[in-house]
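Quick note: numbers below take in every heavy atom, side chains included, and nothing from hydrogens, waters or symmetry partners. These numbers were taken from a predicted model, which means no experiment stands behind them.
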Amino acid sequence: MNPDSPDSERPTPPGGEPSVPQASADPFAPAHSPGGTPPPHDGLVGPLPVGPPRRPGRIWATVLGTALVLAVLGAPLGLLWAALAPDTPVLKTAEGAIYAQPQPEQPIAADGWFSLVGLGFGVLAALALWFLLRRWRGPVGLLAAVLGALAAAPVAWQVGRRIGLSTYDRLLDTAPAGQAFTKPADLRAGGVDWLFGVLPVPHGSLLLPAFGAAITYTLLAGWSRWPSLRPEPDPAALSWASAGMPVPTAAPEPPAPGAAEPPRG
């Protein structure tokens with residue numbers, strides 16, 4: 001049969017023109033295959049939600065504010081280090097204070113304790129920023145964690161070494177020769193150098209908190225299940241066709257004028 005010849009089996013209405021099935025008035029109605037099975041839909045209802053663009057001012061405010069908070073937390077870190085690190089026994093002489101033992105182990109223990117608490121501080125700081133600053137995950141969060149841990153290390157060092165330092169200085173000036181006392185913990189494997197006399201550059205053990213923060217944050221980003229590092233909606237839940245969504249069926253054609261009605265009952 002071709003489009004120019006009428007269907008011989010279809011009854012012709014009184015007007016002489018064969019009845020032609022009308023197309024659906026809805027241009028967005030889903031098309032169906034001849035077998036009645038709708039075509040598969042592999043598209044989405046709409047694009048995934050995209051967050052608002054980040055402004056550079058807000059980015060730097062977040063980085064500097066987070067770094068400042070971590071730097072303040074360096075004070076209790078220094079108190080913890082001073083409580084864990086042992087004091088070094090010294091002996092007063094005419095030239096000053098000398099070690100009471102030829103090779104004391106207390107200075108080495110002080111460096112070791114600072115390394116441990118500093119590394120742990122960096123790991124905890126990275127974990128906290130990863131879960132608290134979900135919106136800023138990525139380079140912004142990594143930069144904030146590293147700068148904050150880098151600023152907290154000198155604060156912890158200075159706070160910890162000053163615990164009992166005034167008593168030590170007083171005994172060093174007033175104690176008679178031969179008197180034994182203790183020197184508070186201090187770092188020998190770390191410190192701060194001044195670049196051009198204005199820019200502080202930490203080195204040694206003071207870099208361990210930033211190292212721990214960088215490694216932990218990088219591992220969290222590498223193990224993240226989301227490419228954007230932030231929780232995203234499941235694309236399967238946004239598909240057009242799902243198991244619980246009924247598929248619309250085509251409306252039956254109206255009977256042609258003069259056609260015999262189907263038997264009832």
Checking side chain to side chain contact (heavy atoms under 4.5 Å, CB included) for the pair D193/H203: CA distance, chi angles, key distance, verdict?
CA-CA 8 Å; D193 295 333; H203 61 86; 3.3 Å; yes
Rounded distance (nearest 0.5 Å) linking atom [atom1] of [X] with atom [atom2] of [Y]:
X    : Y    : atom1 : atom2 : value
K183 : R161 : NZ    : CZ    : 8.5 Å
L208 : L116 : CG    : CG    : 9.0 Å
L165 : L172 : CG    : CG    : 10.0 Å
L124 : L77  : CG    : CG    : 10.0 Å

Can you check whether [X] reaches [Y] side chain to side chain, under 4.5 Å on heavy atoms?
X    : Y    : result
T182 : T167 : no
I98  : V90  : no
Q106 : P89  : yes
L199 : W194 : no

Test your reading of the model: is there a side-chain donor-acceptor pair from [X] to the backbone of [Y], 3.5 Å cut-off?
X    : Y    : answer
K92  : A175 : yes
W81  : A110 : yes
R137 : W130 : yes

Nearest heavy-atom pair of [X] and [Y]: which atoms, and what distance?
X    : Y    : answer
D111 : A189 : OD2-N, 3.4 Å
P86  : A185 : O-CB, 4.2 Å
P202 : L207 : O-CD2, 3.6 Å
Y217 : G141 : OH-CA, 3.3 Å
A214 : V146 : CB-CG2, 3.8 Å
A149 : F121 : CA-CE2, 4.3 Å

Determine whether more than 12 heavy atoms belonging to other residues, nucleotides or ligands lie under 6.0 Å from atom OH of Y168.
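For Y168, atom OH is crowded (more than 12 foreign heavy atoms under 6.0 Å).
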Does CD belonging to E105 count more than 12 external heavy atoms closer than 6.0 Å?
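No, the 6.0 Å shell around CD holds no more than 12 heavy atoms from other groups.
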Do F114 and W157 make the cut of ring centroids closer than 6.0 angstrom?
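Between W157 and F114, which both carry aromatic rings, the centre distance is not below 6.0 Å.
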Shared hydrophobic cluster for [X] and [Y] (ILVMFWY, side-chain gaps under 4.5 Å):
X    : Y    : value
I163 : L171 : no
V159 : V69  : no
L142 : L220 : yes
L150 : V117 : no
V192 : L187 : yes

Step by step, would you call F181 with L91 a side chain to side chain contact (heavy atoms under 4.5 Å, CB included)?
CA-CA 6 Å; F181 49 95; L91 188 65; over 6 Å; no
